[in-house]
Amino acid sequence: MFEGKVALITGGTSGIGLATAKLLVARGGQAVVVGRDPGRGAQAEAELGGKGKFVPADVSNPEEVKKMFDEALQWAGKLDFLVHAAGHTRDKLLVRMELRDWEEILGVHLTGGYLCAREALRIMMKARAGAIVFVGSVVGLTGNVGQANYAAAKAGLVALTKTLAREAAPWGIRVNLVAPGYIETPMTAALPEKIRAEYLARIPLGRAGQPEEVAEAILFLLSPQSSYITGHVLCVDGGLVPCT
Ligand code: NAD
């Protein structure tokens, strides 16, 4: 289904991003995976065989983002999809949150989303085709104690999704967002056991999600199967929050 299709996947060297890259490649596509850790990048590239290319970049840095799109185009010759999955957390109660904690998290998730979407749309608008999926979070819909920076950034991505869906529609480009709940990845591996048990107790399906389950939702939103869906927020959370 994805033969000849190329995706740039930020955060594609780990967790949800890497699972998405692997699924895309397994279904015939090619993936440019972006991350900050060259060791993990080399490993991801090897796991993707000849169908994957690692490009190192910090997605909150405008020059690095521009360069990474140039490198992606040089390698693949085209770009059909953008998946923005890069991210990390700096959890603290707001009263203890330094401005740098705020700016760092807004920088990678939201400013990174804006920078990557701007470059991707310039390419996709010329082709009059393409699709973008942002990886948000249910926390961007509900808020969460200790995550004011992360929740605000993820909520911002929802607004960015809905705005870009309207702006890009005349060019036949769709823009959607998946909002994962509690997914087992390196990001959540560091959670204390007590917090993990609290999350699990609140999930109607009674278990954590796997990165492959989020990847399936992302590929659906990139595929022709979702050709009439844009500006949508798709929760992949085992029923954790009422997703509107
Ligand atoms: P992960 O730690 O496995 O992967 C994150 C990736 O982002 C890594 O490849 C890392 O190198 C990259 N990254 C971080 N900062 C970067 C930067 N400034 N520039 C470029 N790359 C950067 O985590 P994950 O769980 O796979 O998370 C992927 C996305 O899913 C994130 O946006 C996260 O907020 C979101 N999410 C995860 C969960 C979960 O439960 N795991 C839940 C909701 C949302």
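Quantities reported herein were computed from a predicted structural model and do not represent experimental measurements. One-based numbering along the sequence shown. For the numbers below, each heavy atom of this structure counts, side chains included, while hydrogens, waters and symmetry mates do not. Start at 1 and go down the list; that is how both ligands and their atoms are numbered.
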Q: So is Ala208 close enough to ligand 1, meaning a heavy atom under 4.0 angstrom away?
A: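 Under 4.0 Å: no for Ala208.
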Q: Just need the protein heavy atom nearest to atom 15 (N) of ligand 1, so name the residue and atom and give the distance.
A: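 For this ligand atom, the closest protein heavy atom is His88 ND1, 3.2 Å.
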Q: Using heavy-atom distances, let me know which of Glu64, Lys154, His84 sits nearest atom 32 (O) of ligand 1.
A: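 Checking each option, the heavy atom nearest atom 32 (O) of ligand 1 is found in Lys154.
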Q: Taking only residues two or more places apart in sequence or in another chain, which ones pass salt bridge (Lys or Arg N to Asp or Glu O under 4.0 Å) with Arg96?
A: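 Applying salt bridge (Lys or Arg N to Asp or Glu O under 4.0 Å) to Arg96 gives none.
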Q: Does at least one non-hydrogen atom of Val135 fall below 4.0 angstrom from an atom of ligand 1?
A: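 The answer is yes: ligand 1 sits under 4.0 Å from a heavy atom of Val135.
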Q: Could you establish whether Thr13 and ligand 1 come within less than 4.0 Å of each other, counting only heavy atoms on the residue side?
A: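 It does; at least one heavy atom falls under 4.0 Å.
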Q: Please state whether Glu184 comes within less than 4.0 angstrom of ligand 1, counting heavy atoms only.
A: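 It does not; every heavy atom stays at 4.0 Å or beyond.
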Q: Heavy atoms only: which of Pro180, Gly112, Gly87 lies closest to atom 13 (N) of ligand 1?
A: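 Comparing heavy atoms across Pro180, Gly112, Gly87, the nearest one to atom 13 (N) of ligand 1 lies in Gly87.
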Q: Geometry only, no angles: is Ile16 polar-contacting ligand 1 at N/O separations under 3.5 Å?
A: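 Checking ligand 1 against Ile16, an N or O pair does fall under 3.5 Å apart.
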Q: Give yes or no for whether the N/O distance cutoff of 3.5 Å, strictly under, is met between Ser14 and ligand 1.
A: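 Min N/O separation from ligand 1 is below 3.5 Å for Ser14.
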Q: Could you tell me the residue and atom name of the protein heavy atom closest to atom 17 (C) of ligand 1, and the distance to it rounded to 0.1 Å?
A: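 Minimum-distance protein heavy atom for atom 17 (C) of ligand 1 reads Arg36 CD, 3.4 Å.
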Q: Provide, to 0.1 Å, the distance between atom 38 (C) of ligand 1 and the closest protein heavy atom, together with that atom's residue and name.
A: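 It is Gly181 O, 3.9 Å.
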Q: Any donor-acceptor pair under 3.5 Å linking the side chain of Lys51 with the backbone of Lys22?
A: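 Absent.
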Q: Check step by step if side-chain contact (heavy atoms from CB on, under 4.5 Å) holds for Arg122 and Phe69.
A: CA-CA 11 Å; Arg122 286 173 178 164; Phe69 274 89; over 6 Å; no
Q: Between Met68 and Cys116, is a side-chain contact (heavy atoms from CB on, under 4.5 Å) present by the stated rule, with each step listed?
A: CA-CA 9 Å; Met68 111 199 166; Cys116 293; 3.6 Å; yes
Q: Any side-chain to backbone donor/acceptor pair from Asn149 onto Arg90? Under 3.5 Å, distance only.
A: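 At least one qualifying donor-acceptor pair exists.
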Q: Please check this pair: side chain of Thr161 against backbone of Val175, looking for a donor-acceptor N/O pair closer than 3.5 Å.
A: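 It does not hold such a pair.
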Q: To the nearest 0.5 Å, what is the distance between NZ on Lys126 and NZ on Lys78?
A: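 Interatomic distance, Lys126 NZ to Lys78 NZ, rounded to 0.5 Å: 15.5 Å.
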Q: Give the contacting part of Thr188 toward ligand 1: side chain, backbone, both or neither, where contact means a heavy-atom distance below 4.0 Å.
A: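 For Thr188, only side-chain atoms sit under 4.0 Å from ligand 1.
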Q: So, regarding Ser137 and ligand 1 (criterion: nitrogen or oxygen to nitrogen or oxygen, under 3.5 Å), is there a contact or not?
A: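 So ligand 1 has no N or O lying under 3.5 Å from an N or O of Ser137.
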Q: Taking 4.0 angstrom as the limit and counting only heavy atoms of Gly15, give me the atoms of ligand 1 inside it, by number and element.
A: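 In order of numbering, the contacting atoms are 3 (O), 26 (O).
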Q: Does a salt bridge link Arg202 with Glu198, judged by any charged N lying under 4.0 Å from a carboxylate O?
A: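 No.
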Q: Which of the numbered atoms in ligand 1 are below 4.0 angstrom from a heavy atom of Ile183?
A: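 Answer for ligand 1: 39 (C), 40 (O), 41 (N).
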Q: With the threshold set at under 4.0 angstrom, would you say Ala19 reaches ligand 1 through any of its heavy atoms?
A: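 Contact absent.
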Q: Run the numbers for me: atoms of ligand 1, each under 4.0 Å from some heavy atom of Gly11, listed by number.
A: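 The list of qualifying atoms is 6 (C), 7 (O), 9 (O), 12 (C).
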Q: Would you say the side chain of Thr20 lies within less than 4.5 Å of the side chain of Val133, judging by non-hydrogen atoms?
A: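 In short, these two side chains do not touch, never coming nearer than 4.5 Å.
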Q: Just by distance, do the side chain of Asn176 and the backbone of Gly231 share a donor-acceptor pair under 3.5 Å?
A: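 Looks like yes, one N/O pair under 3.5 Å.
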Q: Below 4.0 Å from ligand 1: does a non-hydrogen atom of Ala85 turn up there or not?
A: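 It does, in that a heavy atom of Ala85 comes within the 4.0 Å cut-off of ligand 1.
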Q: By number and element, which atoms of ligand 1 are closer than 4.0 Å to a non-hydrogen atom of His109?
A: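 Result: 32 (O), 34 (O).
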Q: For atom 19 (N) of ligand 1, find the nearest protein heavy atom and state the residue, atom name and distance (0.1 Å precision).
A: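 Ranking protein heavy atoms by distance from atom 19 (N) of ligand 1, first comes Val59 N, 3.0 Å.
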Q: Could you give me the CA-CA distance, side-chain angles and deciding distance for Met124 and Ile132, then say whether side-chain contact (heavy atoms from CB on, under 4.5 Å) is met?
A: CA-CA 10 Å; Met124 290 174 186; Ile132 295 177; 4.1 Å; yes
Q: Is it the side chain (CB and beyond), the backbone, both or neither of Val108 that lies under 4.0 Å from ligand 1, heavy atoms counted?
A: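 The part of Val108 near ligand 1 is the side chain, not the backbone.
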Q: If you have a sec, work out which protein heavy atom is nearest atom 21 (N) of ligand 1 and how many Å separate them, to one decimal?
A: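 Its nearest protein heavy-atom neighbour is Ala86 CB, 3.6 Å.
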Q: Closer than 3.5 angstrom, by distance alone: can the side chain of Asn61 be matched with the main-chain N or O of Glu64 as a donor-acceptor pair?
A: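 Yes, Asn61 side chain to Glu64 backbone: donor-acceptor pair under 3.5 Å.
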Q: Show which atoms of ligand 1 fall inside a sub-4.0 Å distance from at least one heavy-atom site of Arg40.
A: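 Ligand 1 atoms under the 4.0 Å threshold to Arg40: 8 (C), 9 (O), 10 (C), 11 (O).
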Q: As an exercise, identify every atom of ligand 1 less than 4.0 angstrom from a heavy atom of Tyr182.
A: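 In order of numbering, the contacting atoms are 40 (O).
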Q: Any carboxylate oxygen within less than 4.0 angstrom of a Lys/Arg side-chain nitrogen, looking at Glu103 and Arg100?
A: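 The answer is no: the pair does not qualify as a salt bridge.
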Q: Who's the nearest protein heavy-atom neighbour of atom 23 (O) of ligand 1, and how far?
A: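 For atom 23 (O) of ligand 1, the nearest protein heavy atom is Met187 CB, 3.4 Å.
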Q: Would you find a donor on one side and an acceptor on the other, under 3.5 Å apart, between the side chain of Thr13 and the backbone of Ala44?
A: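 No, Thr13 side chain to Ala44 backbone: no donor-acceptor pair under 3.5 Å.
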Q: Taking His109 for the side chain and Gly87 for the main chain, is one N or O donor matched with an acceptor at less than 3.5 Å?
A: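 No, because the side chain of His109 does not come within donor-acceptor range (under 3.5 Å) of the backbone of Gly87.
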Q: Donor-acceptor check, side chain of Thr188 to backbone of Ile183, threshold 3.5 angstrom: yes or no?
A: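 It does hold such a pair.
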Q: Identify the closest protein heavy atom to atom 18 (N) of ligand 1: which residue and atom is it, and at what distance?
A: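 Minimum-distance protein heavy atom for atom 18 (N) of ligand 1 reads Asp58 OD1, 2.9 Å.
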Q: Please determine if Thr185 has a nitrogen or oxygen closer than 3.5 Å to a nitrogen or oxygen of ligand 1.
A: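 Checking ligand 1 against Thr185, an N or O pair does fall under 3.5 Å apart.
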Q: Can you tell me if Ser226 uses its side chain to pair, donor with acceptor, with the backbone of Leu221 under 3.5 Å?
A: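 Yes; at least one donor-acceptor contact below 3.5 Å.
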Q: Backbone, side chain, both or neither: what part of Ala57 comes under 4.0 angstrom of ligand 1, heavy atoms only?
A: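 For Ala57, the contact with ligand 1 is made by the backbone alone.
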Q: Counting only nitrogen or oxygen atoms and a 3.5 angstrom limit, does Asp37 reach ligand 1?
A: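 Looking only at distances, the answer is no, because the N/O contact criterion of under 3.5 Å is not met.
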Q: Please write down residue, atom name and distance for the protein heavy atom closest to atom 36 (N) of ligand 1.
A: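 For atom 36 (N) of ligand 1, the nearest protein heavy atom comes out as Tyr150 OH, 3.5 Å.
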